[in-house]
Number of protein chains: 2
Amino acid sequence: MKNMTAKTVLIVYAHQSAGSFNAAVKNAAVDELKKQGCRVLVSDLYEMKFKATATEDDINGAVKNPKHFRYGNETMLAWQEGRLASDIVDEHNKLKEADLVIFQFPMYWFSVPAIMKGWMDRVLTLGFAYTLEKRYSEGIFRNKKAMLSFTTGSHETMFSSNGINGDMNVTLWPIQNGVLNYCGFQVLAPQIFWAPTHLSSEAREGLLKGWCTRLQGLLNEAPLTFPPADIFDEGKGFQLKPEVREKQADSPFGLTVGHHLEKPLPPQSQMKAGV
Amino acid sequence: MKNMTAKTVLIVYAHQSAGSFNAAVKNAAVDELKKQGCRVLVSDLYEMKFKATATEDDINGAVKNPKHFRYGNETMLAWQEGRLASDIVDEHNKLKEADLVIFQFPMYWFSVPAIMKGWMDRVLTLGFAYTLEKRYSEGIFRNKKAMLSFTTGSHETMFSSNGINGDMNVTLWPIQNGVLNYCGFQVLAPQIFWAPTHLSSEAREGLLKGWCTRLQGLLNEAPLTFPPADIFDEGKGFQLKPEVREKQADSPFGLTVGHHLEKPLPPQSQMKAGV
């Protein structure tokens with residue numbers, strides 16, 4: 001795959017056990033991407049004993065306002081002044097080099113495990129990863145791609161609009177829109193391994209093969225659709241511009257899961273590109 | 001408030017600074033609830049240096065399957081055998097006594113801070129907080145109430161269906177449905193403090209007064225609406241029973257945010273009771 005040569009992929013990985021299916025999925029990605037000539041970096045969060053909590057310890061030297069410590073402001077200043085904790089700087093350096101970031105994890109409580117949320121809270125530093133001017137389609141990482149790859153404990157039927165857990169598209173929205181798209185990443189469709197513990201080892205092998213096949217074309221995939229930031233009017237509380245709303249009037253669906261405009265959600269828009 | 005006498009309220013609180021608005025909101029709740037005769041327990045997660053990550057260290061003694069450590073199964077066994085880490089047991093004991101749990105936090109990346117996600121990942125132990133048979137409306141904590149109380153960095157207009165961040169009802173769904181309702185909690189409407197750092201100190205005082213007023217009637221509030229677990233057919237992949245789907249055909253709205261049935265979302269259903 002010529003066009004993947006020399007690309008750098010960062011895998012942020014959160015499973016405690018090298019014997020897990022998540023580990024097998026991560027290992028398959030490392031092998032397949034290297035085979036294609038990619039440089040692969042792995043942040044194995046449990047192995048690194050990655051600090052999950054956002055505290056004053058993330059700043060070397062004095063904080064500016066010890067009476068009212070504001071994590072976002074203080075870490076932005078520390079980043080500007082080269083006083084961020086070294087484990088955050090290490091992740092910044094990996095992120096800067098990455099063309100694609102894959103988050104590999106078992107879904108915990110409809111979201112990422114706390115250790116991975118800690119990576120997001122601490123590494124996506126104000127200033128480095130976003131500012132109020134540079135976010136969403138104007139975001140700092142708009143030339144990078146990112147995706148979620150995860151296992152569930154539930155079957156796919158249970159995570160549908162008809163299923164007991166509700167629509168997976170809704171569950172993914174806060175992470176894919178509020179973290180990845182917010183920082184500007186082009187968000188690739190998630191790779192979801194539905195309830196692998198309920199499968200035979202042959203069936204799990206089949207899932208891994210499918211994943212490897214997808215990995216071969218991954219960096220050429222079209223990303224999910226999110227609205228450009230400039231359709232919202234900054235002068236009016238970042239509300240949708242009336243002309244866009246008007247143009248949308250005939251559509252049977254909302255723009256996205258979150259920008260639903262009191263219409264039905266566009267089907268599978270957080271799961272498939274081109275929706 | 002006679003009917004709140006002798007109730008126990010647990011506040012799970014995640015802000016680094018005693019000088020923060022989140023601290024003021026937490027303190028106001030402690031004072032107001034005590035005034036009403038409630039017993040108030042506070043888990044001040046940063047102060048406790050609460051461990052956020054789900055690891056083997058959460059189990060005293062040997063794990064059952066060291067080659068493939070499965071956090072859910074292993075901690076369930078440890079709970080049954082009295083071998084869970086003492087900080088988890090302490091939180092279990094608070095939870096058992098609580099009639100109401102208030103989660104107080106600044107929203108980080110469209111969700112709770114990692115340290116609070118760690119509380120959810122570690123304290124809501126399989127067996128203790130849920131089983132596959134005892135969840136949602138059959139959930140273990142169905143006689144308890146829970147609610148989110150949080151600050152945002154964004155204004156309310158930005159978290160609407162027309163706003164740049166999308167509908168807050170969608171953002172809250174995975175937490176309120178996937179964590180709180182999943183464990184059976186009756187979920188009270190969230191208390192949202194929109195962008196308090198952009199307000200004058202007088203305006204912030206006003207918000208605190210409003211909060212105290214709400215606290216006076218909090219335990220009498222009707223909870224948000226979630227569907228009963230038995231409308232999903234366990235024998236058929238926990239899909240909505242056809243007769244329920246049929247009955248729903250005439251409604252202009254879906255059942256909930258996640259169970260939207262390809263219809264518009266019921267407005268404000270994660271923000272207000274009775275929707």
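Here is how names work: the chains are called A, B, and so on, in the same order as the sequence lines, proteins then strands, and each is numbered from 1. This one's a predicted model, so the numbers in the text were calculated from it and none came from an experiment.
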Are more than 12 heavy atoms from other residues, nucleotides or ligands located less than 6.0 Å from atom NZ of B:Lys272?
no

Contact origin within B:Val244 toward chain A - heavy atom pairs under 4.5 Å
neither

Checking B:Trp173 against chain A: side chain, backbone, both or neither under 4.5 Å from a heavy atom?
side chain

Part of B:Thr197 lying under 4.5 Å from any heavy atom of chain A:
side chain

I'd like to know which of B:Thr256, B:Asp233, B:Asn181, B:Val112 tops the heavy-atom pair count under 4.5 Å against chain A.
B:Val112

Among the options B:Thr55, B:Leu255, B:Asn165, pick out the one with the most heavy-atom pairs lying under 4.5 Å from chain A.
B:Asn165

Please state whether the side chain, the backbone, both or neither of B:Phe159 comes within less than 4.5 Å of a heavy atom of chain A.
neither

Which bit of B:Arg122 is near chain A, if near means a heavy-atom gap under 4.5 Å: side chain, backbone, both or neither?
neither

Donor-acceptor pair, A:Ser251 side chain versus A:Gln248 backbone, under 3.5 Å?
no

Using the ring of each side chain (for Trp, its six-membered ring), is A:Phe21 parallel, tilted or perpendicular to A:Phe193, with breaks at 30° and 60°?
perpendicular

In terms of heavy-atom pairs under 4.5 Å with chain A, which of B:Ser20, B:Pro106, B:Gly166, B:Ala114 leads?
B:Ala114

What part of B:Phe238 gets closer than 4.5 Å to chain A, counting heavy atoms only: side chain, backbone, both or neither?
both

Quick check: does any side chain N or O of A:Ser43 sit under 3.5 Å from a backbone N or O of A:Leu45, one acting as donor and the other as acceptor?
no

What part of B:His260 gets within 4.5 angstrom of chain A, counting heavy atoms only: side chain, backbone, both, or neither?
both

Name the region of B:Leu124, side chain, backbone, both or neither, that has any atom closer than 4.5 Å to a heavy atom of chain A.
both

Taking the six-membered ring for Trp and the full ring for Phe, Tyr or His, determine whether the centres of B:His259 and B:Phe232 are under 6.0 Å apart.
yes

Option that, when pairs with chain A are counted at under 4.5 Å, heavy atom only, ranks first among B:Asp121, B:Thr53, B:Ile115:
B:Asp121

Region of B:Tyr130 in contact with chain A, defined by heavy-atom distances below 4.5 Å
side chain

Kindly assign one of parallel, tilted or perpendicular to the pair A:Tyr182 and A:Tyr136, based on the angle between their ring planes and the thresholds 30° and 60°.
perpendicular

